[in-house]
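Heads up: numbering here begins at 1 and tracks the sequence. Atoms considered below: every heavy atom in the structure, side chains included; atoms not considered: hydrogens, waters and symmetry mates.
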Amino acid sequence: MKSKLLLLLIAAATLCGCGPLREKTTSYTYVNATDKTIVVTLYDQNFYEDDEWLYSVNPDAKEVFSFVIPPREQYTRTLPRMTVLDFADPFEDMPEAMCITVSNGEKMQSYLHPHGLFYPYGKYELLKNTNKVAHLQWVFDDKFMNGGRPVPVYD
């Protein structure tokens, strides 16, 4: 009898839209604090050739996802509801993405792990974190872009 009652309660909670306690929507806002357009692109493999001193463009790298942020504007990306302890990594919903680049037309940052680009320069600013939602922000400024390499010239 107790097991039937428990199953009935679980079914009722599911029908009412109650989900796992650790389910949370995560939003990331990227702010362009520069005077140049920022382009963020994710690729299925390294953007550069394997030789780390050559830095030529890898012709096999295919774009997985991209977004553009005009000067002094922002772009917000909301990840689907995921079961997580705290909040999801910025591009966790794109497992095929293996590399990320951030370019302002003159300089480019590139890292092999899409979420790894942001960690060496500090962390996202946490704007809100509740049981149901997390909202984080990253500001692209001139200091961030000056740490990059010149944008490669395509043949």
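At least one side-chain heavy atom of V102 sits under 4.5 Å from a side-chain heavy atom of F144. When side chains are defined from C-beta on, Y30 does not count as touching N32, because their heavy atoms never get closer than 4.5 Å. For the pair L42/C99, no side-chain contact is recorded, criterion being any heavy-atom separation below 4.5 Å from C-beta on. At least one side-chain heavy atom of R77 sits less than 4.5 Å from a side-chain heavy atom of L79. When side chains are defined from C-beta on, R72 counts as touching D35, because their heavy atoms get closer than 4.5 Å. Two residues are said to be in side-chain contact when any heavy atoms from C-beta on lie closer than 4.5 Å; F140 and V40 meet this criterion.
Residues V39 and V57 do not share a hydrophobic cluster, defined by chaining ILVMFWY side chains whose heavy atoms lie under 4.5 Å apart. Hydrophobic clustering keeps L126 apart from V133 (ILVMFWY residues linked when any side-chain heavy atoms are closer than 4.5 Å, directly or through intermediates). M94 and V68 are assigned to two separate hydrophobic clusters, defined by single-linkage of ILVMFWY side chains at heavy-atom distances under 4.5 Å. In terms of hydrophobic clustering, with Ile, Leu, Val, Met, Phe, Trp and Tyr side chains grouped at heavy-atom distances under 4.5 Å, F67 and V139 are assigned to different clusters. Cluster annotation: I69 and L127 are assigned to distinct hydrophobic clusters (Ile/Leu/Val/Met/Phe/Trp/Tyr, side-chain heavy-atom contacts under 4.5 Å, transitive).
For the residue pair T101/S110, the side-chain donor-acceptor check at 3.5 Å is not satisfied.
Interatomic distance, Y48 OH to N58 CG, rounded to the nearest 0.5 Å: 11.5 Å. Once rounded to the nearest 0.5 Å, the distance linking OG1 of T76 with OH of Y28 reads 12.5 Å. The NZ atom of K62 sits 14.5 Å away from atom CD of E96, with the distance rounded to the nearest 0.5 Å. Distance CG/N104 to CD/Q109: 9.5 Å, rounded to 0.5 Å. Between atom OG1 of residue T29 and atom CD of residue Q137 there is a gap of 6.0 Å, rounded to the nearest 0.5 Å.
D60 is linked by a salt bridge (charged side-chain N to carboxylate O under 4.0 Å, His left out) to nothing, counting only residues two or more places apart in sequence or in another chain. Annotation: salt bridge (charged side-chain N to carboxylate O under 4.0 Å, His left out) contacts of E125 (sequence neighbours excluded): none.
Heavy atoms only, all atoms of each residue included: A61 and N46 are closest at CB-O, 3.6 Å. Of all heavy-atom pairs spanning N129 and K24, the tightest one is OD1-NZ, 2.7 Å. Between M108 and S103, the shortest heavy-atom contact is CE-CB, 4.0 Å. Nearest heavy-atom pair across G148 and K107 is O-CD, 3.9 Å.
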Verdict with supporting geometry, Y124 and W138, ring-ring contact (aromatic ring centres under 6.0 Å, His included): CA-CA 5 Å; Y124 283 89; W138 183 271; 5.5 Å; yes
